[in-house]
Amino acid sequence: MPTRPAIEEEFTTKKKRAQRILRTLRKLYPKAECALTYRDPFQLLIATILSAQSTDVTINKVTPILFKKYKTPKALADAPAQDVEKVIHATGFFRQKTKSIQGTARDIATNHGGEVPNTMEELVELRGVARKTANVVLGTGFGLNEGVVVDTHIGRLATRLGLTWSSKNDKDAVKIERDLMELYPRKEWTYLGHAIIFHGRAVCSARNPACTSCSIATNCPTAGSFEAD
Ligand code: SF4
């Protein structure tokens, strides 16, 4: 195992290391992108809400059926909840998710003329939408770098890679996002989230990170020191 960078480091040192990590990610995953299938920001928003505690593969099987049945926010909002629950059952937590997606669809139909808003302030006002989901919609659906998506996978890797001042036990998504935004230029924020997810899936899994074959190991302060999260 190569020498690891120190966990404690100056901001400028960390920033340079962060850039090296990004360069490697760009080489490894030049086409890293959102794995959810969607046709427009509304479909992406609903798919992202459904993806909590589920897999992209499952969501990509369910959403074509959902959007064929309910083509507009109003159609989804007005549908009987039991019918929606049946369609999204496989995504897990289907009752709560039905409330969330119908609430969001209702807000969009009623307050935004049926169009998904494209600002953070308006998105987080929608029922069932928190900052993480809003970042997915803004970055991937609208091409706007307003923040960095931080889910459990990105939080795990950011902590292992020492790209946050948040501790392992802290896992504060807002703090991790703020740290990543400080380390990386705005234009990289959306790509960074996708690339980190790709690396988590390919190499740095939760239970079994493959440090010995990881191309980022020389820039990772926790390389080879895995402890289960
Ligand atoms: S696989 Fe190991 S070396 Fe690579 S990023 Fe994860 S913890 Fe660091």
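We count ligands from 1, going down the list as the structure has it; atoms in each ligand are counted the same way.
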Next item on the list: Take atom CZ of R186 as the centre, draw a 6.0 Å sphere, and report whether it contains more than 12 heavy atoms from other residues, nucleotides or ligands.
Entry: yes
Note to self: Taking 4.0 Å as the limit for heavy-atom contacts, which would you say applies to L157 with ligand 1: side chain only, backbone only, both, or neither?
What the structure shows: neither
Check: Do T140 and H194 have side-chain atoms, one donor and one acceptor, less than 3.5 Å apart?
Finding: yes
Next item on the list: With heavy atoms of P209 as the reference, note each atom of ligand 1 found under 4.0 Å away.
Entry: 1 (S)
Next item on the list: Could you list which atoms of ligand 1 come closer than 4.0 Å to a heavy atom of L161?
Entry: 5 (S)
Check: Which atoms of ligand 1 are found less than 4.0 Å from any heavy atom of A223?
Finding: 3 (S)
Side-chain donor-acceptor pairs under 3.5 Å in residues 37-45, sequence neighbours left out?
{"residue": "T37", "atom": "OG1", "partner": "N60", "partner atom": "OD1", "Å": "3.1"}
{"residue": "D40", "atom": "OD1", "partner": "F42", "partner atom": "N", "Å": "3.1"}
{"residue": "D40", "atom": "OD1", "partner": "Q43", "partner atom": "N", "Å": "2.8"}
{"residue": "Q43", "atom": "OE1", "partner": "R39", "partner atom": "N", "Å": "2.9"}

Item checked: Atoms in ligand 1 with a heavy atom of A217 nearer than 4.0 Å -> 3 (S)
Notebook entry, point to check: Angle class for the Y29/F198 ring planes (parallel below 30°, perpendicular above 60°, tilted otherwise)?
Noted result: perpendicular
Check: For E182, does the CD atom sit with more than 12 other heavy atoms under 6.0 Å from it, leaving out its own atoms?
Finding: yes
Checklist line | Distance filter under 4.0 Å to C204 heavy atoms, resulting ligand 1 atoms | finding: 1 (S), 5 (S), 6 (Fe), 7 (S)
Next item on the list: State the atoms of ligand 1, each with its element, that fall below the 4.0 Å cut-off from a heavy-atom position in C214.
Entry: 1 (S), 3 (S), 4 (Fe), 5 (S)
Item checked: Sequence neighbours excluded, every pair satisfying ring-ring contact (aromatic ring centres under 6.0 Å, His included) that has a member inside residues 52-90 -> H89-F94
Next item on the list: Flag C220 as yes if one of its N/O/S atoms falls below 2.8 Å of atom 6 (Fe) of ligand 1, otherwise no.
Entry: no
